[in-house]
Enquirer: 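Below you will find the structure I want to go over with you.
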Amino acid sequence: MHIYKVGGAVRDRLLGRPVSDIDWLVVGATVEEMHAKGFRPVGADFPVFLHPKTGEEYALARTERKSGRGYGGFTFHASPGVTLEEDLIRRDLTINAMAEDEQGNVYDPYHGQRDLTARILRHVSPAFAEDPLRVLRVARFAARYAPLGFKVADETLALMRQISASGELQALTAERSWKEIERALMEAEPQVFVQVLRACGALTDLMPELAAHEQNLAALQRAAERQQPLNVRWACLLRGLEPAQIKALNQRLKAPRECQELASLVGEFADKGDKALELDAESLLEMLQKFDVYRRPQRFEEFIAACEMAAQGQSYPQGEYLRGAVAIVRAVDVKPLVEAGFTGQGLGAALREKRLEALKAYKNG
Ligand code: ATP
Ligand code: MG
């Protein structure tokens, strides 16, 4: 049996980038041999194993066929007879289709090194079209390697256009799509992900709400530059959509709760945030209450961050002003009111009154 490093580990080493996880490829072995060596299978009908000590993934060389079931609609044919070249040709991009043996020899039958040098994301073969997820993967790699000058090859973009036009993207599960979207949003230039999807027509199927909307990609780009977390990036992308669109998009993609929540709140309150300095104390308090800044101060910080990102690089004095307002209402002490005999709804009303007074003083101060 022969063991190779494959995929991202080879690519990123050649690019001089840090390698996070290593994918291994095993050629010429049977499932039984892997079991005998103590490897643990990852799933029942998926020829991938975990190393008994390192926990790294070892996949048996395979070819694949499209089908209605299995991993993302694929079944795999793995046998000791599948060659390195046969395995590599079913991979998505030439720069991802290289292997390296233990002596450090690089196997590159589809000219990944040439494309690395030329900064081109190019599909390996027409089989690319068999998995629509690859459209998202290419867009994600474009977002990741944009700072290095990588571009999608014309012929690959044309193929991505064909795939999008075929309607195949609609067959992707929310889970697979979201995983790519989430990773893409955390890349260096996430706006490139959206641009590539738009350029190949995939946005219409994946996120139609965005396709019809000239969204603020500059805000998303800034959020990445400023190392903002996932939910802030997602909220930046969705800003400007109608509440119903935000809800529909969130639910269709099954975005995680903190992403859904912040996007909805930004959709509802961003304009108020921008006008914070002009808001009267009533409206300001109403907004802080809706955010539950008493129990969820962090979420309000994320809201402010999302508003800041959209502020065209100018300073955002509203941010400091809102933080000040939060400190003011949080500082109002309930104890004197309890001691004065307030309970239940009366206590709530009295507390609200105190907070309102404090905000009025803050506004005038
Ligand atoms: P990352 O740095 O994001 O881990 P990677 O290239 O290692 O990038 P993985 O998702 O870990 O990406 O996959 C490992 C390799 O498996 C890829 O480099 C590629 O060769 C292949 N691969 C993964 N998913 C697909 C797919 N959907 N279609 C074709 N090839 C794929
Ligand atoms: Mg990997």
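Note: hydrogens, waters and symmetry copies are ignored here, and every other heavy atom, side chains too, is used. By convention here, the first residue in the shown sequence is residue 1. Both counts, for ligands and for their atoms, begin at 1 and track the order of listing.
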Enquirer: So that I can tick it off, tell me whether Arg226 and Glu308 are bridged by a salt bridge, with the cut-off set at under 4.0 angstrom between side-chain N and carboxylate O.
Expert: no
Enquirer: For N/O/S atoms only: which one belongs to Asp23 and is nearest the Mg ion (ligand 2)?
Expert: OD2
Enquirer: Students should find this: residues with any non-hydrogen atom under 4.0 Å from ligand 1. What is the answer?
Expert: Gly7, Gly8, Arg11, Asp21, Asp23, Arg90, Arg91, Asp92, Asn96, Asp131, Arg134, Arg137, Arg140, Phe141, Arg144, Arg183
Enquirer: Arg134 and Arg90: which non-hydrogen atoms are nearest, and at how many Å?
Expert: NH2-O, 3.5 Å
Enquirer: In this structure, which one of Glu189, Glu187, Gln195 forms a side chain to side chain donor-acceptor pair (under 3.5 Å) with Gln191?
Expert: Glu189
Enquirer: List for me each residue that meets salt bridge (Lys or Arg N to Asp or Glu O under 4.0 Å) alongside Glu102, sequence neighbours excluded, and say none if there are none.
Expert: none
Enquirer: Is there side-chain contact between Phe300 and Asp292, with heavy atoms separated by less than 4.5 Å?
Expert: no
Enquirer: Where does the angle between the aromatic ring planes of Phe291 and Phe303 fall among parallel (under 30°), tilted (30 to 60°) and perpendicular (over 60°)?
Expert: tilted
